[in-house]
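Let me begin by presenting the structure, written as structure tokens, before commenting on it.
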Amino acid sequence: MTSHVCTWPSLAEVPALYPDARNRPNRGPFLYRAGKSWPMWTRPDTSGRIPLLAVGSNGYPRQLQDKLAGTPADLQGVPTIPTILHDFDVAYCPIRSRKGYVPVTLAARPGAICLTWLQWLTPEQLNIISATEGSRYALVGSHELGERLQLRPQLRRPEAVYAWWFDSLMQRDGTTVWHNVYRRQVMTLIDGSQSVANPIPAGWREVAREPETLVIEPETLSEL
């Protein structure tokens, strides 16, 4: 059924529901557009769009509305599908966001099988979302991420896939704190939490963003 995403909680109001407040039956492929979410059963038109892994709240339709509402980019639609990623996983960052939750990041984890989301953004949408991602996040891309995706046969495999990559990970007792997609976790920063570097893998591209505005120049966007 078509859903009005404003009926779902905003993470700014209920940060404990981060990164996704939907129930299981509503976590299938979807198309978000202008405050509504439609189930998506056919192959999306991805021409002219940039494939991006949404490992955190950007895969939640209400979060897309909160970021895109009131802009022309909100009318362009965001096709999003669940996907499986091998040898990478989603880890918690050692910070608290301005909205009150502990965010997550993509990180290397050999042997892992990660359930996440792949979405295709227009350049305008990517730039709006880029401005919401703090300066400690890097927008990275690589052919390796595309190769590690497990996609349905009818979907064209992207040559390169992009993702937001935070510069460090949360650890407790020397172990990285990974996000568990099967169990809701209310993550907090407590005494004993440590920070460990999360280096960008060698050979990956880091997309340049303006230091002040965090947006991406048109010339750079045209290359993605």
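- The backbone N or O of Tyr182 sits less than 3.5 Å from a side-chain atom of Asn180, completing a donor-acceptor pair.
- When all heavy atoms of Leu169 and Pro94 are compared, the pair lying nearest together is C-CD, 3.7 Å.
- Annotation: cation-pi pair Arg33/Trp38 absent, no NZ/CZ under 6.0 Å from the ring centroid and within 45° of its normal.
- Judged by distance alone, the side chains of Glu133 and Asn58 do bring a donor and an acceptor atom under 3.5 Å apart.
- Note: Gln119 CD to Leu52 CG = 6.0 Å, rounded to the nearest 0.5 Å.
- A heavy-atom distance below 4.5 Å is not found between the side chains of Lys99 and Pro15.
- Taking all atoms of both residues into account, the shortest heavy-atom contact from Leu145 to Ser142 is N-OG, 3.1 Å.
- The two atoms that bring Gly59 and Asp20 nearest to each other are O-OD2, 4.2 Å, heavy atoms only.
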Test side-chain contact (heavy atoms from CB on, under 4.5 Å) on Met170 and Thr176; report intermediate values, then the result.
CA-CA 6 Å; Met170 181 195 297; Thr176 298; over 6 Å; no
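- In the hydrophobic cluster analysis, where Ile, Leu, Val, Met, Phe, Trp and Tyr join through side-chain heavy atoms closer than 4.5 angstrom, Val181 is grouped together with Ile84.
- Annotation for Glu223: atom CD counts as buried by contact number, over 12 foreign heavy atoms lying within 6.0 Å.
- In this structure, Val177 is not a member of the same hydrophobic cluster as Val196, with clusters built from ILVMFWY side-chain heavy atoms closer than 4.5 Å.
- Summarising the geometry of Leu106 relative to Ala163, their closest heavy-atom pair is CD2-CB, 3.8 Å, with the distance given to 0.1 Å.
- The distance from atom CD of Gln76 to atom CD of Glu124, rounded to the nearest 0.5 Å, is 4.5 Å.
- Minimum heavy-atom separation, Ile50 to Pro123: CD1-CA, 4.3 Å.
- Listed by chain and number, the residues in a ring pair (Phe, Tyr, Trp, His ring centres under 6.0 Å) with Tyr60 amount to none (sequence neighbours excluded).
- In this structure, the side chains of Pro158 and Leu151 come closer than 4.5 Å at one or more pairs of heavy atoms.
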Does the pair Arg209 and Val215 meet the rule for a side-chain contact (heavy atoms from CB on, under 4.5 Å), with working shown?
CA-CA 5 Å; Arg209 298 195 291 162; Val215 300; over 6 Å; no
Audit row: Trp120, Thr80, side-chain contact (heavy atoms from CB on, under 4.5 Å) steps and yes/no:
CA-CA 7 Å; Trp120 287 267; Thr80 305; over 6 Å; no
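- The SG atom of Cys6 sits 10.0 Å away from atom NZ of Lys36, with the distance rounded to the nearest 0.5 Å.
- With values rounded to the nearest 0.5 angstrom, Ile81 atom CD1 is found 6.5 Å from Met40 atom CE.
- Ring geometry for Trp165 against Phe88 counts as perpendicular: the plane angle is over 60°, on a 0 to 90° scale with 30° as the lower cut.
- By the rule that hydrophobic residues join a cluster once side-chain heavy atoms approach within less than 4.5 Å of another member, Val207 and Leu121 end up as members of one cluster.
- More than 12 heavy atoms of other residues, nucleotides or ligands sit less than 6.0 Å from atom CD1 of Ile200.
- Note on Leu115: it does not cluster hydrophobically with Leu118, by side-chain heavy-atom contacts below 4.5 Å among ILVMFWY residues.
- Counting only distance, with no hydrogens or angles, the side chain of Asp87 and the backbone of Gly111 share a donor-acceptor pair below 3.5 Å.
- Other residues, nucleotides and ligands contribute only 12 or fewer heavy atoms inside 6.0 Å of the CZ atom of Arg98.
- Shown here are the ring pair (Phe, Tyr, Trp, His ring centres under 6.0 Å) partners of Tyr32, two or more places apart in sequence or in another chain: there are none.
- Linking Ile, Leu, Val, Met, Phe, Trp and Tyr residues whenever their side-chain heavy atoms come within less than 4.5 Å leaves Trp178 and Trp164 in two separate clusters.
- The heavy-atom pair separating Cys93 from Val102 by the smallest distance is O-CG1, 3.1 Å.
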Derivation of the side chain to side chain donor-acceptor pair (under 3.5 Å) call for Gln125 and Asp74:
CA-CA 8 Å; Gln125 291 168 342; Asp74 198 31; over 6 Å; no
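- Of the inter-residue distances, the one linking Leu139 atom CG with Ile216 atom CD1 reads 5.0 Å to the nearest 0.5 angstrom.
- Note that the NE2 atom of His4 and the CD atom of Gln65 stand 10.5 Å from one another [nearest 0.5 Å].
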Under the side chain to side chain donor-acceptor pair (under 3.5 Å) rule, what do Ser168 and Asn198 come out as? Steps first, then yes or no, please.
CA-CA 4 Å; Ser168 56; Asn198 184 31; over 6 Å; no
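- Not counting sequence neighbours, Trp8 has no partner by the ring pair (Phe, Tyr, Trp, His ring centres under 6.0 Å) test.
- When side chains are defined from C-beta on, Tyr162 counts as touching Leu224, because their heavy atoms get closer than 4.5 Å.
- You'll find the side chain of Ile113 stays beyond 4.5 Å of the side chain of Leu85, heavy atoms only.
- Using a 3.5 Å distance cut-off with no hydrogens or angles, the side chains of Ser47 and Asp45 do pair a donor with an acceptor.
- Looking at Pro39 and Phe30, their side chains never come closer than 4.5 Å, going by heavy atoms from C-beta outward.
- Contact check for Leu11 versus Gln63: side-chain heavy atoms found under the 4.5 Å cut-off.
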Derivation of the side-chain contact (heavy atoms from CB on, under 4.5 Å) call for Glu147 and His86
CA-CA 9 Å; Glu147 293 170 353; His86 294 266; over 6 Å; no
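- Using modelled atom types, no side-chain atom of Ser3 and backbone atom of Val5 make a donor-acceptor pair closer than 3.5 Å.
- Asp167 places no side-chain N or O within 3.5 Å of a backbone atom of Ser135 that could act as its donor or acceptor partner.
- No side-chain donor-acceptor contact under 3.5 Å links His179 to the backbone of Val90.
- Both tests hold for Arg22 against Trp117: distance to the six-membered ring centre under 6.0 Å, angle to the ring axis within 45°.
- The backbone N or O of Thr105 lies less than 3.5 Å from no partner atom in the side chain of Tyr137, so there is not a single donor-acceptor pair.
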